[in-house]
Protein chains: 2
Amino acid sequence: MAVSARRGTPLTLQEILGTALRLIDAGGVESLSMRKLAAELDVNPMSLYHHVANKTELIRTVCLNVAPTLQPPADDGAPWPDQLRALAHAYRRLARTHPGLWRYVHNHPEVIEPRQGGLWEVLDRILRAAQVPEDERERTADVLHAFVSGFVLAENLGHIAEEESEPAFDTAINLITAGLRAHR
Amino acid sequence: MAVSARRGTPLTLQEILGTALRLIDAGGVESLSMRKLAAELDVNPMSLYHHVANKTELIRTVCLNVAPTLQPPADDGAPWPDQLRALAHAYRRLARTHPGLWRYVHNHPEVIEPRQGGLWEVLDRILRAAQVPEDERERTADVLHAFVSGFVLAENLGHIAEEESEPAFDTAINLITAGLRAHR
DNA sequence: ACCTGAACACCGTTCAAGT
DNA sequence: ACCTGAACACCGTTCAAGT
């Protein structure tokens with residue numbers, strides 16, 4: 001059995017992932033160390049390696065657990081600009097809930113490869129509704145994703161003042177929809 | 001005098017900065033360590049601290065040295081969409097010359113605070129030419145910067161396929177100019 | 001003035017040993 | 001099966017000592 005001397009309960013993967021996410025939310029991925037995580041769990045650092053191959057895989061697992069939290073809004077029949085705004089809003093919300101983790105994923109996109117979550121399907125549907133020609137749709141989706149995540153990252157890093165946040169988000173979405181409309 | 005036993009020449013700040021930039025260009029900021037840098041310079045790790053306060057300050061100095069390399073194109077009287085494209089192009093070029101360093105700055109904007117380089121002045125001039133109303137100009141500049149750097153980061157991270165790079169850049173710029181025009 | 005070696009407080013991870 | 005301690009190869013940085 002060999003339960004930890006310092007704890008009554010055996011260590012579980014869920015416990016590890018939960019605590020890791022908490023530490024990441026608190027101080028960003030940079031602040032997460034295997035040794036600190038183990039201390040937080042009141043366990044020997046090396047015990048973690050019985051549940052997880054290494055640090056990279058641990059972070060990746062945390063990411064893959066959080067990713068499905070993004071629930072891209074379903075097609076409610078609203079005009080496409082409204083749906084685009086709603087999608088961007090959902091994306092931004094997730095980023096704000098886990099800023100450190102989101103920043104990590106954004107800088108290590110390979111972690112979540114291939115493009116996960118209904119996000120890309122929904123985006124494609126919206127671009128179709130916006131009558132973006134088929135041969136430009138994927139490219140346009142890439143560009144829009146880069147634009148919105150660029151904005152979200154700017155916010156995340158405090159590059160955009162708190163009280164400017166909402167009006168700037170409006171400006172961003174309006175610019176995109178106006179651009180798409182003109183492109184039609 | 002006390003010149004290094006292993007080297008004939010005394011260590012200079014310029015030499016340190018140059019080698020640091022070379023290592024960063026080769027492997028990103030993550031791969032730069034004081035100890036590796038010292039080894040590359042054939043010097044004791046601790047000698048570096050005679051020329052530089054610490055690692056963060058070293059990287060910051062490298063950044064501040066590279067930043068002026070961005071020469072935002074001067075006002076040549078061309079239509080504003082062309083000037084906007086040229087500005088974005090210059091920005092993107094710098095990012096491609098030093099991908100690792102650019103990524104670092106982009107994720108640590110405080111390094112270059114306040115907004116450096118003629119970039120922001122030029123951007124403001126262009127938005128004026130595009131007849132963006134005065135009270136929206138700063139906000140719009142923030143959004144455009146976030147958009148373009150979002151795109152550049154996506155490229156930087158290999159999120160956009162090599163052969164898609166140029167057409168995607170076109171799509172990005174066209175979307176922005178179309179959006180600005182409609183907003184007028 | 002400039003350089004250095006030893007030392008400290010951190011990392012991630014391997015491996016052999018404990019229950 | 002699960003946990004652990006000692007050990008290794010890395011970090012950044014301080015400090016006292018060398019020339």
Side-chain angles (χ1 to χ4, degrees), chain A residues 1-24 26-63 100-101 103-104 107-108 110-111, chain B residues 1-24 26-63 100-101 103-104 107-108 110-111:
Chain A
M1 262 298 170
V3 155
S4 161
R6 327 224 276 285
R7 308 165 24 107
T9 349
L11 194 55
T12 70
L13 181 60
Q14 284 317 310
E15 204 181 350
I16 294 176
L17 297 177
T19 307
L21 180 56
R22 185 160 51 76
L23 292 184
I24 292 170
V29 170
E30 317 75 38
S31 82
L32 179 74
S33 88
M34 296 300 269
R35 291 167 121 111
K36 272 196 240 169
L37 175 55
E40 196 76 11
L41 289 161
D42 200 18
V43 117
N44 183 290
M46 302 318 135
S47 304
L48 299 174
Y49 288 88
H50 247 270
H51 299 85
V52 131
N54 51 46
K55 189 182 180 179
T56 312
E57 206 224 50
L58 166 60
I59 298 173
R60 175 202 217 86
T61 310
V62 174
C63 291
L101 190 66
R103 206 161 53 231
Y104 178 85
N107 282 282
H108 300 79
E110 73 280 2
V111 166
Chain B
M1 263 296 168
V3 154
S4 162
R6 330 223 275 284
R7 310 163 23 108
T9 349
L11 193 55
T12 70
L13 180 60
Q14 283 317 309
E15 205 181 350
I16 295 176
L17 297 177
T19 306
L21 180 56
R22 186 159 51 75
L23 292 184
I24 292 171
V29 170
E30 316 75 37
S31 81
L32 180 74
S33 87
M34 296 299 269
R35 292 168 121 111
K36 273 197 238 167
L37 175 55
E40 196 76 13
L41 288 162
D42 201 19
V43 117
N44 184 291
M46 302 319 135
S47 303
L48 299 174
Y49 289 87
H50 247 271
H51 299 85
V52 130
N54 52 46
K55 190 182 180 180
T56 312
E57 206 225 51
L58 166 61
I59 298 173
R60 175 202 217 85
T61 311
V62 173
C63 291
L101 190 66
R103 205 162 53 230
Y104 179 84
N107 283 282
H108 301 78
E110 73 281 2
V111 165

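Throughout, protein chains are lettered first and strands after them, A, B, ... in sequence-line order, and every chain is numbered starting at 1. Since the model is a prediction, treat every value here as computed from it, not as a measurement.
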Should [X] and [Y] count as side-chain neighbours, where that means a heavy-atom distance under 4.5 Å?
X: Tyr104(A); Y: Val111(A); result: yes
X: His51(B); Y: Gln14(B); result: no
X: Leu37(A); Y: Val43(A); result: no
X: Val29(B); Y: Val62(B); result: no

What's the spacing between Ser47(B) OG and Leu41(B) CG if we round to 0.5 Å?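 Ser47(B) atom OG to Leu41(B) atom CG measures 9.5 Å (nearest 0.5 Å).
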
Hey, what do you get for CG (Leu101(B)) to CG (Leu32(B)), rounding to the nearest 0.5 Å? 10.0 Å

Whole Å only: how far is the [atom1] atom of [X] from the [atom2] atom of [N]?
X: Asn44(A); N: dT13(C); atom1: CG; atom2: P; answer: 15 Å
X: Lys36(B); N: dG12(D); atom1: NZ; atom2: C1'; answer: 14 Å
X: His51(B); N: dG12(D); atom1: NE2; atom2: P; answer: 18 Å
X: Leu32(A); N: dC11(C); atom1: CG; atom2: P; answer: 10 Å
X: Glu15(B); N: dC3(C); atom1: CD; atom2: P; answer: 10 Å
X: Glu30(A); N: dC11(C); atom1: CD; atom2: P; answer: 14 Å
X: Asp42(B); N: dC2(C); atom1: CG; atom2: P; answer: 19 Å
X: Leu13(A); N: dC2(D); atom1: CG; atom2: P; answer: 12 Å

Return whichever of Leu48(B) or Tyr49(A) has its heavy-atom-nearest nucleotide of DNA chain C closer to the 5' end.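 The residue whose closest nucleotide sits nearer the 5' end is Leu48(B).
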
Of all the base pairs, Watson-Crick or G-U under 3.5 Å, which form stems of three or more consecutive pairs involving DNA chain C? C:4-8 with D:12-16, C:12-16 with D:4-8

Would you indicate what Met46(B) reaches in the nucleic acid, counting non-hydrogen atoms under 4.0 angstrom: base, sugar-phosphate, or nothing? base

Checking contacts here: which listed nucleotide (dC11(C), dA6(C), dC3(D)) is nearest the side-chain heavy atoms of Leu11(A)? dC3(D)

State which of dT4(D), dC3(D), dT13(C) makes the closest approach to the side chain of Val43(A). dT4(D)

Are the side chain of Lys36(B) and the backbone N or O of Ser31(B) linked by a donor-acceptor pair below 3.5 Å?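 Yes, because the side chain of Lys36(B) sits within donor-acceptor range (under 3.5 Å) of the backbone of Ser31(B).
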
Is the phosphate of [N], meaning OP1 or OP2, less than 4.0 Å from a side-chain N or O of [X]?
X: His50(A); N: dT4(D); value: no
X: Ser33(A); N: dC10(C); value: no
X: Ser47(A); N: dC2(D); value: no

